[in-house]
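Residues take their numbers from the sequence shown, with the count starting at 1. First listed ligand is number 1; within each ligand, the first listed atom is number 1.
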Amino acid sequence: MKAAILSFLRNNREEVSGEVLSKELGTSRVSIWKHINGLREAGYVIEASSRGYRLVSSPDLLLGCEFPEWEKKFQHFTTIGSTMDVARGLAERGVEAGTVVVAESQNSGRGRLSREWFSPRGGIYFTLILRPEIAPAYAPRLNLMASVAVARTVRNLLGLDARLKWPNDVLVEGRKVCGILGEMGAEVDAVKFINIGVGINANLSITRYGAKAASLKELKGAQVSRKDIFDSLLGELLRQQSLLNTGELLEEWKNLSDTLNREVRIEAMGGEITGRAVDIDSNGALIIKGKDGSLRTAIAGDCLHL
Ligand code: BTN
């Protein structure tokens, strides 16, 4: 309902009366009034006069009411430990696929390989709960899917040359702007849920990682709209899901890859692999050709472009 009220107010420059809103949205005037107050509490400035309501300004927050298609499956937090933890709890309790947990900042954001993920205000941090009907072995495809969705969004919306570094970093000008973390709940032969965590350096003015990372704001030279990025990314994620079991997803990943055809070193728990990245297999594992011509496959690990 809040999303519908906002959209009505945004589409009308003039004041809109409570009566018109209640008729158009099929609810009582008391309910409209309650929702208007809820929006004000969330930070929207809505003026009320004898002619009706007028939206004066909206907060820079990723609230469910800004994303009508997702509003019912949206959990928004101002500050949280990690969206991954909340999402895991929700997924284990059986929430619907498509539920999104969003935070404006995280105190214990985490990255791959148990690293910290710096998560101050200004970034985009969320976890999407999915329940794909795939075997656990295919779970890494979800990470590929998310990285493709982010890269496409950054390219289409901001016109930046976003590229993918295996396994699932999104880079612009060789610097990391987004990281993706997948967590799974599964039985031996069936996936119960796969939670995809996405952290985007959107409007951060500093990063802790010097030249290795960048924010979209730095790269564009101006603030970016977190709402537009998030909206378009959710749309891309929906679109990409239908490609999960097709070769198209892999083709998109390969087209956007910054890793293929480069000399790389993969540092994994089982040791190191050095050579030329020549392909990825259908599960997203990287295929590396050594100097002696032998092919080896890396399933996980850190990838260094040499
Ligand atoms: C990486 O590149 O190491 C992955 C980073 C993933 C960060 C996101 S931010 C939202 C979600 N919550 C977390 O604690 N981590 C992921």
A.B. asks: Considering only heavy atoms, which protein residues lie less than 4.0 Å from any atom of ligand 1?
C.D. replies: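 Lining ligand 1 at under 4.0 Å, by heavy atoms, one finds S82, T83, M84, Q106, G109, R110, G111, R112, W117, Y125, F126, T127, D169, K176, G179, I180, L181, G197, V198, G199.
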A.B. asks: Excluding sequence neighbours, so at least two apart, what forms salt bridge (charged side-chain N to carboxylate O under 4.0 Å, His left out) with E41?
C.D. replies: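 E41 satisfies salt bridge (charged side-chain N to carboxylate O under 4.0 Å, His left out) with no other residue.
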A.B. asks: Does a salt bridge link D60 with K227, judged by any charged N lying under 4.0 Å from a carboxylate O?
C.D. replies: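 Result for this pair is no, no salt bridge flagged.
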A.B. asks: Looking at R265, R115, K165, which hits salt bridge (charged side-chain N to carboxylate O under 4.0 Å, His left out) with D302?
C.D. replies: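 Option passing the salt bridge (charged side-chain N to carboxylate O under 4.0 Å, His left out) with D302: R115.
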A.B. asks: Of all residues at least two apart in sequence or in a different chain, which pass the ring-ring contact (aromatic ring centres under 6.0 Å, His included) check with F193?
C.D. replies: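 Not a single residue meets the ring-ring contact (aromatic ring centres under 6.0 Å, His included) criterion with F193.
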A.B. asks: Does anything in residues 287-298 form a salt bridge (Lys or Arg N to Asp or Glu O under 4.0 Å)? List the pairs, not counting sequence neighbours.
C.D. replies: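 Sorted result for residues 287-298: empty, none.
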A.B. asks: Is there a side-chain contact between R110 and D85 in this structure, where contact means two heavy atoms from C-beta onward sitting under 4.5 Å apart?
C.D. replies: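 R110 vs D85: side chains touch.
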